[in-house]
Amino acid sequence: MADEMKKRVAVVGAGVIGASIAFELQRRGFEVTLIDKGEPGRGTSFGNMASIALDFAAGSGPSTWKKIPGWLLDPEGPVWLRPSYAARMLPWFLRFLAAGRPSSLREIEDAGMSLSNRALGDFRQMLQAIGAPELMTEEGCLAIYETEAEFAADRGHLAMMQRYGLEFEVLSNGAIQYYEPTLSPAIAKAVLLPDNKSIRDPYKLVVKLADAAKAAGTTFVSGSVRNIERRGDGTAIVLLEDGRRIEAGSVVLAAGVHTRFLAEKLGEPIPLETERGYHTQIMKPGISMRYSVIWPHRAFMVTPTAGGIRVGGNVELAGLDAAPDFRRPRVLVRHAQRALPGLKVEETTEWMGHRPALPDTIPIISPSSKMPGVFYATGHGHLGLTFSATTALVIADMVTGLKPPLDMTPFRIDRY
């Protein structure tokens, strides 16, 4: 392959992961083409909860199997598995439950925390590089517990944070309202997570990343990718649905859950599912919040972002094609008003997106096991924003031929 072609990289997917990778590769002197069927940041990244969440938590644990009947029966619970999709989810669920075995859990936590330990520092550097440090708040996050029993049920997670050296402070009574006066006095306990920051507008972040990459020379191409091929001389060909062909020395697949279709065509299927997430953006909330708030027992979050207050989280397992069920975000808003009694719900929009989820909760950040010069960056689940800057640095090292600064074995594509 000619040296000129080696310096060309096609990045498929212009969400926060793809835009971060494109920017970092362009900084390192590559000629980057960023490809997406829509505008940068208009997919799943548009509706995330704007949280840099360092307290990685594995999705499955030793007792998770006991919760599955409830997921099938309670459409207002923190996880809702649509019965019509249950059979298709079975292979994924078996892997999910296996990942929760004690023998696997510590390895998964070690892998997730190896990314978390770098995430905040790498994110700050990325914001500085695009000239937008003001997009990150300096306030932390409050995890709230309505009862002592809820707090006791989360002690395992607190013990995990302590084991990995994450800072936190347990608050009670008036100390909770000192930090966030809008919270109900009925909240029994809270945990202050000072290093879990928020982004003032996650969509604006992706736009700035894409614009910074374009200003440095990245070309943006609008279109859907059909397949990846490689010629005898090593050149990769990205084939678009409309017949266009983009030549590159390397290709990075960062198209979220849609990456699974390209992986199948390359002969390396991955168990990538969609965790459908919802949010309600409230532009006239009637309150002003300093901290973001997460309620672990109810699996949702409230974040001041995008010019208002966003309520979202929760998981729906129903595949890519089912119509949204907007009962779910309305339930979350009711829960939010219980925690924040002064919250008004005026001038709102509702949104649903597709988080790319792998059964062991940790992403694929890896060279292809089948086609040289192809790299994967997908499956970040709830932590795409959190891990975006670190993923970009690691992928750029792989493309460049450098050794990444952490052990990438747990994130390889052929681990299943």
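The shown structure was predicted, so the numbers you read here are calculated from the model rather than taken from an experiment.
Taken from CG in L262 to CG in N227, the straight-line distance is 7.0 Å, to the nearest 0.5 Å. The distance from the OG1 atom of T259 to the CG atom of L253 is 6.0 Å, given to the nearest 0.5 Å. Rounding to the nearest 0.5 Å places CE of M113 at 12.0 Å from CZ of R106. One finds the CG atom of D211 at 12.0 Å from the NZ atom of K204 (value rounded to the nearest 0.5 Å). Considering OG of S116 and CG of L383, their distance stands at 6.5 Å, rounded to 0.5 Å. Atom NE2 in H157 sits 12.5 Å away from atom CD in Q162 (nearest 0.5 Å).
The main-chain N or O of S369 is never found under 3.5 Å from a side-chain atom of D414 such that the two would form a donor-acceptor pair. Side-chain atoms of Q125 never come within 3.5 Å of backbone atoms of L120 as a donor-acceptor pair (strictly under, hydrogens ignored). Between the side chain of T182 and the backbone N or O of I287, no donor-acceptor pair lies under 3.5 Å. Counting only distance, with no hydrogens or angles, the side chain of D36 and the backbone of A14 share a donor-acceptor pair below 3.5 Å. The backbone N or O of A213 sits less than 3.5 Å from a side-chain atom of T218, completing a donor-acceptor pair. Counting only distance, with no hydrogens or angles, the side chain of R260 and the backbone of L272 share a donor-acceptor pair below 3.5 Å. Not one N or O on the side chain of T44 forms a donor-acceptor pair closer than 3.5 Å with the backbone of G353. Looking at T378, its side chain does come within 3.5 Å of a backbone N or O of G256 through a donor-acceptor pair. S45 places no side-chain N or O within donor-acceptor distance of the main-chain N or O of G15, the cut-off being under 3.5 Å. Proximity of a side-chain donor or acceptor of S20 to a complementary backbone N or O of V16 within less than 3.5 Å is detected.
Using a 4.5 Å heavy-atom threshold, the side chains of P202 and T305 count as touching. Counting only heavy atoms from C-beta outward, the side chains of Y376 and S368 approach each other to under 4.5 Å. Between L166 and D195, every side-chain heavy-atom pair lies at or beyond the 4.5 Å cut-off. Under the 4.5 Å side-chain criterion, counting only non-hydrogen atoms from C-beta, W295 is in contact with E150. Proximity of R276 to V315: side-chain heavy atoms (C-beta onward) are nowhere separated by under 4.5 Å. Side-chain contact between C141 and Y291 is absent, with no heavy atoms from C-beta onward closer than 4.5 Å. Residues L193 and D55 meet the side-chain proximity criterion, which asks for heavy atoms closer than 4.5 Å. No side-chain heavy atom of K265 sits under 4.5 Å from any side-chain heavy atom of I228.
Across L34 and A22, no two heavy atoms sit closer than the pair CD1-CB, 4.1 Å. Residues P363 and L115 share a closest heavy-atom pair of CG-CD1, 4.0 Å. Nearest heavy-atom pair, S114 versus F411, reported as atom, atom and distance to 0.1 Å: OG-CZ, 3.8 Å. Heavy atoms only, all atoms of each residue included: M49 and T303 are closest at O-OG1, 3.1 Å. Considering all non-hydrogen atoms of both residues, S60 and L105 come closest at O-CD1, 3.4 Å. Nearest heavy atom pair, residue V206 against residue P40, reads CG1-C, 4.0 Å.
Between the side chains of H354 and E275, no donor-acceptor pair is found at a separation under 3.5 Å. With 3.5 Å as the limit, one finds no donor-acceptor pair spanning the side chains of N117 and Y164. For the residue pair E273 / Y85, a side-chain donor-acceptor distance below 3.5 Å is found, with atom types taken as modelled.
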Contacts table for residues 388-398: side-chain donor-acceptor under 3.5 angstrom, sequence neighbours left out:
from	atom 1	to	atom 2	distance (Å)
S388	OG	L385	O	2.9
T390	OG1	D122	OD2	2.8
T391	OG1	H380	NE2	3.0
T391	OG1	F387	O	2.8
D397	OD1	R28	NH1	2.6
D397	OD1	R28	NH2	3.2

Return a table of donor-acceptor pairs under 3.5 angstrom between the side chains of residues 339-352 and protein atoms on other chains or two or more places apart.
from	atom 1	to	atom 2	distance (Å)
E347	OE2	K284	NZ	3.4
E350	OE1	R330	NH2	2.8
E350	OE2	R330	NE	2.8

Got a list of side-chain donor-acceptor pairs under 3.5 Å for residues 87-100, not counting sequence neighbours?
from	atom 1	to	atom 2	distance (Å)
W92	NE1	P271	O	3.2
W92	NE1	A357	O	3.4

Side-chain donor-acceptor pairs of residues 129-140 under 3.5 Å, sequence neighbours excluded:
from	atom 1	to	atom 2	distance (Å)
T137	OG1	S198	N	3.3
T137	OG1	S198	O	3.4
E138	OE2	R124	NH1	3.1

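K197 forms no cation-pi arrangement with F123, by the criterion of a distance under 6.0 Å to the ring centre and an angle within 45° of the ring axis. The cationic group of K189 does not satisfy the cation-pi geometry with Y145, failing either the under 6.0 Å distance to the six-membered ring centre or the 45° limit from the ring axis.
More than 12 heavy atoms of other residues, nucleotides or ligands shown are found within 6.0 angstrom of CG on D242. The environment of CD in E241 is crowded: more than 12 heavy-atom neighbours from other residues, nucleotides or ligands sit within 6.0 Å. Around atom CD of E264, more than 12 heavy atoms belonging to other residues, nucleotides or ligands sit under 6.0 Å away. Within 6.0 Å of atom NZ in K37, 12 or fewer heavy atoms from other residues, nucleotides or ligands are found, so the atom counts as exposed in its surroundings.
Contacts of K7 classified as side chain to side chain contact (heavy atoms under 4.5 Å, CB included), with partners at least two apart in sequence or in another chain: F30.
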What's the verdict on side-chain contact (heavy atoms from CB on, under 4.5 Å) for F220 and T33, showing C-alpha distance, side-chain angles and the deciding distance?
CA-CA 6 Å; F220 179 73; T33 301; over 6 Å; no

Criterion side-chain contact (heavy atoms from CB on, under 4.5 Å) on Y416 and L358, from CA distance to verdict:
CA-CA 10 Å; Y416 294 101; L358 290 158; 3.3 Å; yes

Decide salt bridge (charged side-chain N to carboxylate O under 4.0 Å, His left out) for R338 and E146; before the verdict, give the C-alpha distance in whole Å, the side-chain angles of both, and the deciding distance to 0.1 Å.
CA-CA 10 Å; R338 183 167 178 168; E146 190 173 35; 2.7 Å; yes

Given I282 and V311, is the side-chain contact (heavy atoms from CB on, under 4.5 Å) satisfied, shown in steps?
CA-CA 8 Å; I282 307 170; V311 181; 4.1 Å; yes

When you look at L142 and I294, which way does the side-chain contact (heavy atoms from CB on, under 4.5 Å) test go after all the steps?
CA-CA 6 Å; L142 289 167; I294 187 168; over 6 Å; no

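Of the charged side-chain nitrogens involved, at least one lies within less than 4.0 Å of a carboxylate oxygen, so that R415 and D360 count as a salt-bridged pair.
A salt bridge (charged side-chain N to carboxylate O under 4.0 Å, His left out) check over residues 154-183, counting only residues at least two apart or in different chains, returns the pairs E109-R163.
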